[in-house]
Asks: 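Let me give you the structure first, and then I'll get to my questions.
As the structure lists them, so they are numbered: ligands from 1, and atoms in each ligand from 1.
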Amino acid sequence: MLAARIHAKEDLRLDAFDTPTPGPGEVLLKLGAGGICGSDLHYYFEGRNGNFIVREPLIPGHEASAVVEAVGPGVTRVKKGDKVAVSPSHACGRCEGCREGREQLCSNMKFLGSASLYPHVQGMFQEYFVMGERQCYPVAGDLSLGEIAFAEPFAVGLHAVNRGPDLIGKSVLITGAGTIGCVTVIAARLAGARRVTVSDILDRPLSKAREVGADATIRADRDADALAKPQFDVCYEVSGSFAALKSCVAAVKRGGVVVQVGTLPHEPLPFVVNEVMAKEIDLRGAFRWGIEFDWAVDYLSTRRVDVRPLLSGQYPLADAVTAFHVAADKNKSTKVQVVFA
Ligand SMILES: [Zn+2]
Ligand SMILES: [Zn+2]
């Protein structure tokens with residue numbers, strides 16, 4: 001079997017391994033679709049994701065669907081042939097964060113496809129891999145493997161909205177119209193937002209945001225005035241840009257809430273403390289997700305939400321390098337996936 005491994009900056013190879021065997025409580029999975037995320041792009045194009053540096057070959061990929069190929073002794077949750085969404089979050093279940101029901105704050109987290117720990121926690125851009133059955137969420141019906149692989153990014157959008165206030169009747173701004181911006185649009189509408197506005201610096205992402213339910217869009221680079229006056233109850237900063245965070249702080253009403261979802265560059269940033277203070281803004285962080293992964297699987301399974309407009313391309317795992325380059329071009333792509341082929 002083949003696995004896509006990042007050896008260093010812009011050095012991704014398809015390396016061959018023996019197909020693993022599932023032990024007790026484990027499941028052998030065949031990759032369905034694996035979404036390429038911003039963090040995967042950072043690992044490939046920079047050899048690092050913020051402070052997490054590739055120090056040994058890293059298999060990226062934390063947004064995946066799969067088909068059950070075989071089950072180990074004692075597995076009851078799935079059977080051979082099931083389509084599954086795979087949760088990449090291995091929280092310990094024992095620390096204070098876990099016991100408070102916030103597994104994303106687990107102090108012993110092993111998150112798949114991440115160089116945050118050494119040895120790295122390998123991800124799912126490989127033809128076959130073994131998971132504990134607890135990580136496998138069976139999905140019945142005709143949902144495609146490509147759609148099932150949206151469970152992870154959609155969970156990020158649901159968690160972002162869950163970290164903010166009740167949205168019924170509220171006007172919302174989302175800065176950034178990539179996959180996470182768009183799934184945050186979907187989540188904000190599920191939560192009852194009255195009006196959802198999205199900003200970005202490219203037209204294609206904004207047209208996708210409208211397709212999935214944004215009421216209005218703003219070109220942040222051309223129409224700075226539209227983001228200068230306080231008019232939104234809640235803002236979600238998804239783009240990972242400090243300029244966008246400043247826009248959120250300027251555009252949120254007095255007493256409003258700003259939720260930081262995107263990862264900003266790691267250089268020291270001048271901060272907008274006085275605005276946060278004088279407007280009594282609640283500034284909150286949203287990191288990954290917890291129970292929202294389960295919700296995402298349910299919303300997708302019933303097609304209560306439709307993420308198909310966000311899937312812009314699929315490439316065989318063997319063409320992972322091409323897939324990474326296409327995924328990086330935001331004029332062409334929203335979500336690009338690698339698939340077993
Ligand atoms: Zn991701
Ligand atoms: Zn924990």
Side-chain angles (χ1 to χ4, degrees), residues 4 6 31-46 48-52 54 58-66 85-117 120-125 132 134-135 146-160 176-184 186-187 205 236-240 260-264 285-293 296-297 300 307 310-312 320 323-324 327-328 330 333-338:
I6 296 170
L31 177 68
I36 299 173
C37 171
S39 60
D40 301 317
L41 294 173
H42 286 297
Y43 284 126
Y44 174 66
F45 285 102
E46 298 158 35
R48 63 189 296 162
N49 179 30
N51 287 341
F52 308 155
V54 176
L58 172 71
I59 304 173
H62 57 266
E63 308 175 358
S65 63
V86 189
S87 165
S89 170
H90 291 67
C92 76
R94 291 184 291 276
C95 71
E96 191 176 349
C98 284
R99 291 171 61 226
E100 284 180 343
R102 300 174 80 178
E103 71 171 61
Q104 68 279 9
L105 302 185
C106 175
S107 44
N108 310 301
M109 173 65 80
K110 291 192 169 71
F111 200 85
L112 297 185
S114 168
S116 66
L117 299 178
H120 302 335
V121 184
Q122 302 296 339
M124 297 185 279
F125 288 179
R134 182 167 73 104
Q135 308 304 124
E147 289 169 87
I148 297 170
F150 274 86
E152 200 277 342
F154 184 38
V156 174
L158 289 168
H159 182 62
T179 301
I180 298 299
C182 286
V183 294
T184 305
I186 294 171
Y236 302 89
E237 202 304 286
V238 173
S239 69
Q260 181 65 42
V261 187
T263 307
L264 268 68
F287 184 55
R288 295 175 180 159
W289 37 265
I291 187 67
E292 293 89 350
F293 190 92
V297 172
L300 290 167
V307 293
L310 304 179
L311 178 53
S312 49
F324 272 66
K330 302 303 173 198
S333 302
T334 304
K335 179 57 70 185
V336 174
Q337 296 174 338
V338 293

Asks: Using the ring-ring contact (aromatic ring centres under 6.0 Å, His included) criterion, which residues pair with H120? Sequence neighbours excluded.
Replies: Y118
Asks: Can you check whether M124's main-chain N or O pairs, donor with acceptor, with Q122's side chain at less than 3.5 Å?
Replies: no
Asks: Below 30° counts as parallel, above 60° as perpendicular, anything between as tilted: where do the rings of F125 and F324 land?
Replies: perpendicular
Asks: Look at the side chain of E152 and the backbone N and O of H62, then say whether any donor-acceptor pair between them is shorter than 3.5 Å.
Replies: no
Asks: Between Y44 and P60, is there a donor-acceptor pair closer than 3.5 Å when you use the side chain of the first and the backbone of the second?
Replies: no
Asks: Is there a side-chain contact between T184 and V261 (heavy atoms, below 4.5 Å)?
Replies: no
Asks: Taking only protein atoms, how many N, O or S atoms are found under 2.8 Å from the Zn ion (ligand 2)?
Replies: 4
Asks: What protein N/O/S atoms are found closer than 2.8 Å to the Zn ion (ligand 1)?
Replies: C37 SG, H62 NE2
Asks: In residues 85-109, what donor-acceptor pairs under 3.5 Å come from side-chain atoms, sequence neighbours left out?
Replies:
unit_1: S87; atom_1: OG; unit_2: S89; atom_2: N; d: 3.3
unit_1: S89; atom_1: OG; unit_2: E103; atom_2: OE2; d: 2.6

Asks: On a heavy-atom basis, which atom in G113 and which in Y43 lie closest, and how many Å separate them?
Replies: O-CE1, 3.7 Å
Asks: Would you find a donor on one side and an acceptor on the other, under 3.5 Å apart, between the side chain of S312 and the backbone of T334?
Replies: yes
